[in-house]
Number of protein chains: 2
Amino acid sequence: MDITSAAQSVRFSTMVQKLKACGQRMTPQRLTVLRILAESSEHLSAEQVYARVQPEYPMTSLATIYNTLTLLRDMGEVIEIDMGHDGCRYDGLHPFPHPHVICLQCNIITDAANLPALDDMASQVQQSTGFQIINHRLDFFGICPECQARQNQP
Amino acid sequence: MDITSAAQSVRFSTMVQKLKACGQRMTPQRLTVLRILAESSEHLSAEQVYARVQPEYPMTSLATIYNTLTLLRDMGEVIEIDMGHDGCRYDGLHPFPHPHVICLQCNIITDAANLPALDDMASQVQQSTGFQIINHRLDFFGICPECQARQNQP
DNA sequence: TTTACTGCAAACGATTTGCAGTCCC
DNA sequence: GGGACTGCAAATCGTTTGCAGTAAA
């Protein structure tokens with residue numbers, strides 16, 4: 001088992017534990033969603049999660065996917081990345097605020113290395129505005145290497 | 001004329017110029033929207049802009065408000081702040097990326113002082129991901145001073 | 001057995017769109 | 001006069017909800 005799949009396995013167990021601890025029931029649909037979230041380092045949409053659940057539980061409905069995603073989001077086990085006019089993407093592997101890099105052309109989302117300066121910024125903002133800062137989002141928008149290459153040789 | 005209203009006046013003229021330069025027509029509805037955007041340092045929703053246009057041009061439709069906001073956004077004369085489940089807010093006074101502080105309780109949006117470190121972050125991310133960075137958004141979420149006070153003495 | 005969870009389909013709500021009429025330029 | 005802009009209402013689309021049936025505990 002390599003480092004990546006170990007991390008995925010940990011995430012899966014953590015999510016299961018967290019749900020159980022909150023008295024939530026474990027259904028096969030939920031377990032499948034949890035596994036898919038823990039397995040994929042991409043940032044899936046609800047529809048994409050739905051598509052991946054289908055082969056295993058074809059009767060699963062989209063509403064259930066949303067239920068589970070909302071549940072996990074509210075427990076802090078999944079990060080919701082709002083793409084505005086293009087719905088939301090979900091990150092179950094790194095369920096804490098971290099910067100994303102989003103391609104304006106193909107909409108791919110990549111994780112950026114965590115920038116320690118952000119914490120300083122938060123306390124700076126807290127001081128200057130009087131807000132009690134709880135959370136943040138930092139997203140960079142641009143063109144991914146693949147789309148850049150595609151532009152240069154169409 | 002104080003500094004604030006001077007800045008507002010400049011923003012209004014700039015937006016008018018920009019639209020004209022792009023061959024856009026100036027209608028009373030549009031001018032009203034431009035003025036409202038240039039006047040208000042709050043971060044209005046489309047519906048709020050609509051409400052403020054009503055007294056002057058009661059026949060104006062919401063679709064026209066959206067038209068104008070989208071036009072300005074695409075020209076880079078207005079910043080769109082995506083609130084996810086709560087629609088969008090628009091900032092016509094500071095039409096460049098800058099950090100916002102958003103209250104999770106009353107949804108008020110405040111501008112945070114610009115953080116120069118952000119530019120360093122952008123080039124850092126550009127280097128490590130290969131993305132060509134064009135834009136960014138940095139939003140802090142928390143509780144505003146008013147809501148904090150309200151919690152302590154209900 | 002209990003009641004939380006599920007599937008289905010209808011509802012929702014912010015935004016967009018189609019179209020006929022209007023009015024800037 | 002011509003074509004961009006407007007108002008209206010209907011359409012869109014991701015997400016939520018109501019409800020009756022199902023199954024986890």
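What you see below is based on every heavy atom in this structure, not just the backbone, and it leaves out hydrogens, waters and symmetry mates. We name chains A, B, ... by the order of the sequence lines, and we start the count at 1 in each one. Model, not experiment: these values are computed from the prediction.
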Using a strict cut-off of less than 4.0 Å between a Lys/Arg side-chain nitrogen and an Asp/Glu carboxylate oxygen, indicate whether B:Glu77 and B:Arg11 qualify as a salt bridge. yes

Atom-to-atom span, CG of B:Leu71 to P of C:dT17 - whole angstrom: 14 Å

Are any non-hydrogen side-chain atoms of A:Leu138 and A:Leu115 less than 4.5 angstrom apart? yes

Determine whether B:Leu44 and B:Arg89 make a side-chain contact, defined as any pair of heavy atoms from C-beta on separated by less than 4.5 Å. no

Report yes if at least one side-chain N or O of B:Thr64 is closer than 4.0 Å to OP1 or OP2 of D:dC5; otherwise report no. no

In whole Å, I'd like the distance from the CD1 atom of B:Ile65 to the P atom of D:dC5. 15 Å

Quick one: sort the A:His43 and A:His98 rings into parallel, tilted or perpendicular, breaks at 30° and 60°. tilted

Does anything in residues 72-88 of chain A come within less than 4.0 Å of DNA chain D? Heavy atoms only, and list the residues if so. A:Gly87, A:Cys88

Atom-to-atom span, OH of B:Tyr66 to P of C:dG13 - whole angstrom: 13 Å

Per the end-axis method with five pairs at each terminus, what is the bend angle of the helix from C:dT1-D:dA25 to C:dC25-D:dG1, to 10°? 40°

Heavy-atom side-chain contact between B:Leu19 and B:Leu34 under 4.5 Å: yes

Residues in side chain to side chain contact (heavy atoms under 4.5 Å, CB included) with A:Gln126, at least two apart? A:Ile133

Distance, rounded to the nearest Å, where B:Glu47 contributes CD and C:dA14 contributes C1': 9 Å

Could you list all the salt bridge (Lys or Arg N to Asp or Glu O under 4.0 Å) pairs where at least one residue sits in residues 54-67 of chain A, not counting sequence neighbours? A:Arg35-A:Glu56

When you compare the protein's N or O atoms with those of nucleotides 8-10 of chain C, which come within less than 3.5 Å of each other, and at what distance?
none

For A:Thr60, which residues count as a side chain to side chain contact (heavy atoms under 4.5 Å, CB included) partner, sequence neighbours excluded? A:Gln29, A:Val53, A:Tyr57, A:Thr64, A:Ile65

B:Asn67 CG to C:dT16 P, in whole Å, measures 9 Å

Taking ring pair (Phe, Tyr, Trp, His ring centres under 6.0 Å) as the cut-off, I'd like each qualifying pair that reaches into residues 111-148 of chain A, sequence neighbours left out, listed once. none

Does B:Thr70 reach a base, just sugar-phosphate, or nothing at all? Heavy atoms under 4.0 Å. sugar-phosphate

Whole-Å distance between D:dT15 C1' and A:Tyr50 OH? 14 Å

Name each donor-acceptor pair under 3.5 Å that joins a side chain in residues 117-124 of chain A to protein atoms two or more places apart or in another chain, with its distance.
{"from": "A:Ser123", "atom 1": "OG", "to": "A:Asp119", "atom 2": "O", "distance (Å)": "3.3"}
{"from": "A:Ser123", "atom 1": "OG", "to": "A:Asp120", "atom 2": "O", "distance (Å)": "2.9"}

Sorted by number, the residues of residues 17-43 of chain A with heavy-atom contact under 4.0 Å to DNA chain C: A:Gln24, A:Arg25, A:Thr27, A:Gln29, A:Arg30

Atom-pair distance (CG on B:Leu62; C1' on C:dA14), nearest Å: 9 Å

Applying side chain to side chain contact (heavy atoms under 4.5 Å, CB included), can you list everything that pairs with B:Ala112, at least two apart in sequence or on another chain? A:Val125, B:Pro99, B:Val101

Go through the side-chain N and O atoms of B:His85 and A:Asp82 and say whether any donor and acceptor fall under 3.5 Å apart. no

Results of side chain to side chain contact (heavy atoms under 4.5 Å, CB included) for B:Gln148 - residues two or more places apart only: A:Gln132, B:Ile143

Give every residue pair that meets the salt bridge (Lys or Arg N to Asp or Glu O under 4.0 Å) criterion with at least one member in residues 43-52 of chain B, sequence neighbours excluded. B:Glu42-B:Arg52

